[in-house]
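Below, chains carry the letters A, B, ... as their sequence lines are ordered, and counting in each starts from 1.
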There are 2 protein chains.
Amino acid sequence: MANYCKFEKALEIFTGKWKPVILLRLFANGTMRFGELQKAIPDITQKMLTQQLRELVHNDIVHREVYPEVPPKVEYSITEYGKGMANVLQVLNDWGESHMAHMDDLYGEGRKEEGAPAQRPS
Amino acid sequence: MANYCKFEKALEIFTGKWKPVILLRLFANGTMRFGELQKAIPDITQKMLTQQLRELVHNDIVHREVYPEVPPKVEYSITEYGKGMANVLQVLNDWGESHMAHMDDLYGEGRKEEGAPAQRPS
DNA sequence: CTGAATCCATATGGATACTG
DNA sequence: CAGTATCCATATGGATTCAG
């Protein structure tokens, strides 16, 4: 098996249009209901939210707790194992931040993208 | 502006079907000609190789050196700036490796696809 | 409330042919 | 040799509807 498939496996976890947001929300808020996630991420569709959550659950990053009530209630949270990827997220986040600054340096902030006001590192 | 866009920007760099392989090759070999890369990555098409390289060049990760000769000769290498992402690659690679082991633990090496929600109905 | 199932638009990647 | 251009298959994501 090729070496780079490790990268690809790793990348599959946060890749996709919504996984980063979902992970960020869950890391920040601890435990959230399905509806809360949906409210917190207004642009996501129910299909995508379900689908991405399922993949995260399958990868043991997210825990899914179903309460057999009426009306139904489902809570999602980061698993203990999932918490171990916090540093990966951090590294990615930090590098992404500095890389955006680098791109601004190279191409200027003006015409690069709309809605991206100066993002100063903290 | 949402925080997660930093992730997304970072992920765009290594995401796509071929960027990880290309980066790995260039990091390993230093400088490579177009044809060498193509030989080193047999399954890639020239369109994809060109396209992905262009994106990496645009992101200042890869340097493109054109020799005005006949026949043409173009060499690619990691830029100084690009070398700064080596640790990110390393972190990703390490986590990916351990994550694969974790998945094997959970699902067994032989029957990985069993409960996989993946993105495909039965 | 949560989420499965469809249908559809677009994005991404691949095959092939052509060029300086 | 390195790269474009074109056409095509499939993958991904979105809108909508239905159901426990």
Side-chain angles (χ1 to χ4, degrees), chain A residues 4-5 7-9 11-23 25-26 31-58 62-77 113, chain B residues 4-5 7-9 11-23 25-26 29 31-59 62-77 113 115-122:
Chain A
Y4 58 84
C5 79
F7 284 100
E8 298 183 327
K9 283 299 168 192
L11 287 168
E12 279 174 16
I13 309 302
F14 346 77
T15 292
K17 193 168 175 182
W18 298 108
K19 295 228 186 72
V21 214
I22 296 171
L23 286 173
R25 292 290 176 179
L26 286 177
T31 294
M32 298 180 75
R33 296 188 54 171
F34 187 89
E36 290 182 302
L37 277 166
Q38 212 169 1
K39 269 194 315 180
I41 315 172
D43 290 341
I44 201 173
T45 62
Q46 173 270 322
K47 172 190 173 182
M48 278 299 106
L49 184 52
T50 301
Q51 180 179 304
Q52 307 279 294
L53 281 169
R54 284 292 138 84
E55 290 180 35
L56 290 168
V57 167
H58 176 258
V62 164
H63 173 68
R64 179 171 185 263
E65 184 78 35
V66 182
Y67 297 84
E69 311 171 350
V70 175
K73 170 178 168 183
V74 181
E75 285 186 343
Y76 293 91
S77 54
E113 37 193 316
Chain B
Y4 59 83
C5 78
F7 285 100
E8 297 184 325
K9 282 300 165 192
L11 287 168
E12 280 175 15
I13 308 302
F14 344 77
T15 293
K17 193 169 176 182
W18 298 107
K19 296 231 187 69
V21 215
I22 295 172
L23 287 173
R25 293 290 176 179
L26 286 177
N29 296 354
T31 293
M32 299 180 76
R33 297 187 54 168
F34 187 88
E36 290 181 302
L37 276 165
Q38 211 170 4
K39 269 194 315 184
I41 314 171
D43 290 340
I44 200 172
T45 62
Q46 66 295 54
K47 172 189 173 182
M48 279 298 106
L49 184 52
T50 301
Q51 181 179 303
Q52 308 277 294
L53 281 169
R54 286 290 139 84
E55 290 179 36
L56 291 168
V57 167
H58 177 259
N59 283 295
V62 164
H63 174 68
R64 179 171 186 262
E65 184 78 33
V66 182
Y67 297 84
E69 310 172 351
V70 176
K73 171 176 167 184
V74 181
E75 286 185 343
Y76 295 90
S77 55
E113 302 307 325
Q119 41 276 103
R120 190 182 41 186
S122 303

If a protein heavy atom is under 4.0 Å from the base, mark B; if only from the sugar-phosphate, S; if neither, -; do that for nucleotides 15-20 of chain D going 5' to 3'.
B----B
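Here D/dG14 presents its C1' atom at 11 Å from CD1 of A/I44, a figure rounded to the nearest Å. If you measure from atom CE of B/M48 to atom C1' of D/dT6, you get 13 Å, rounded to the nearest angstrom. One atom, CG of B/L49, and another, P of D/dA5, lie 17 Å apart when rounded to the nearest Å. Across the protein-nucleic acid pair, A/Y76 atom OH and C/dC1 atom C1' stand 11 Å apart, rounded to whole Å. Spacing between atom CZ of A/R33 and atom C1' of C/dC1 amounts to 7 Å, rounded to whole angstrom units. Spacing between atom CD of A/Q51 and atom C1' of C/dA4 amounts to 12 Å, rounded to whole angstrom units.
When side chains are defined from C-beta on, A/L56 does not count as touching A/Y76, because their heavy atoms never get closer than 4.5 Å.
Residue pairs satisfying the side-chain hydrogen bond (donor to acceptor under 3.5 Å, both in side chains) criterion with at least one member in residues 32-46 of chain B, sequence neighbours excluded, are absent.
Annotation: proximity of residues 34-42 of chain A to DNA chain D (heavy atom, distance under 4.0 Å) is found for no residue.
To the nearest 0.5 Å, atoms CD (A/E65) and CD (A/E75) are separated by 7.5 Å.
Nearest-nucleotide positions on DNA chain C place A/T50 closer to the 5' end than the other of A/T50 and B/K17.
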